[in-house]
Amino acid sequence: MENENRKLDKNELDLHIRVVESQVTEEEIIDKIIDSGRIEDAFYVCNVSDIVEKHKHWEHVLPRVQPHYAVKCNSHRLVLETLAALGTCFDCASEDEIRKVISLGVSADRIIYAHPTKKINHLRYAAEAGVTAMTFDSECELYKIKKYYPEAR
Ligand SMILES: Cc1ncc(COP(=O)(O)O)c(C=O)c1O
């Protein structure tokens, strides 16, 4: 049954949400998409309930570890919205990624700015957005953060 079929902003792929019977396999879904003859570009099939199950599993086995999902892995809005709704935190590697996560209504304290060599203007944006947590693994990066965003953690 087709549940929803909406177009996202022009920077994102078309999103087709389909609720399928649990006995339908991923291979069958892929075959059906290919057989439809309407797909010209690359596509992927994402099982949203698998994201939810993995999140629940993480909470069960690592209850004291707060996961920070690396947005670069898959920044599709559906994936990010699902994780945001589950209460996950986010690892953002750039201003764009921070903006994207904040646009979902995620608070700045659920975001870590993680990049080995952060751009100064992105550091300034992190400060503006109130994202205080960040990573470093070199002395010069630490001095740079101190210079441009001394309140960072
Ligand atoms: C400080 C720092 N070093 C290195 C990396 C790269 O890590 P990896 O190669 O494990 O993705 C990151 C990624 O966020 C980082 O924040």
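Note that ligands are numbered from 1 as they come in the structure, with each ligand's atoms numbered from 1 the same way.
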Exercise for the section: Could you tell me whether atom 7 (O) of ligand 1 has at least one protein heavy atom nearer than 4.0 Å? Expected result: no
Handout entry: Nearest candidate to atom 16 (O) of ligand 1, where distance is taken over non-hydrogen atoms, out of Thr117, Thr135, Asp91, Ile112
Key = Thr135
Handout entry: Ion pair check, Asp50 and Lys54, cut-off under 4.0 Å
Key = yes
Handout entry: Asp96 side chain to Ser94 side chain, donor-acceptor N/O pair below 3.5 angstrom
Key = no
Problem - For Ala114, atoms of ligand 1 separated by under 4.0 Å from a heavy atom - result: 14 (O), 16 (O)
Problem - Pairing of Lys56 and Glu59 as salt bridge, 4.0 angstrom limit - result: no
Problem - Protein heavy-atom partner closest to atom 3 (N) of ligand 1 - residue, atom, separation in Å - result: Asp137 OD2, 2.5 Å
Handout entry: Verify atom 14 (O) of ligand 1: protein non-hydrogen atom under 4.0 angstrom away
Key = yes
Completion exercise
One finds that the ligand 1 atoms under 4.0 Å from a non-hydrogen atom of Phe136 are 1 (C)
Practice task
Distance to 0.1 Å, residue and atom name: give those for the protein heavy atom nearest to atom 12 (C) of ligand 1.
Solution key: Pro116 CD, 3.7 Å
Exercise for the section: Answer yes when Lys100 and Glu97 have at least one side-chain N-carboxylate O distance shorter than 4.0 Å, and no when they do not. Expected result: no
Handout entry: Leu80 and its side chain to side chain contact (heavy atoms under 4.5 Å, CB included) partner, picked from Asn74, Leu104, Thr88
Key = Leu104
Practice task
Decide whether Ile102 and Tyr69 are clustered together by the hydrophobic rule: side chain heavy atoms of Ile, Leu, Val, Met, Phe, Trp, Tyr closer than 4.5 Å, transitively.
Solution key: yes
Practice task
Measure His115 to ligand 1 on non-hydrogen atoms and call it side chain, backbone, both or neither using the 4.0 Å cut-off.
Solution key: backbone
Handout entry: Carboxylate-amine/guanidinium contact Glu95 Arg99, below 4.0 Å
Key = yes
Practice task
Considering only protein heavy atoms, determine whether one is less than 4.0 Å from atom 1 (C) of ligand 1.
Solution key: yes
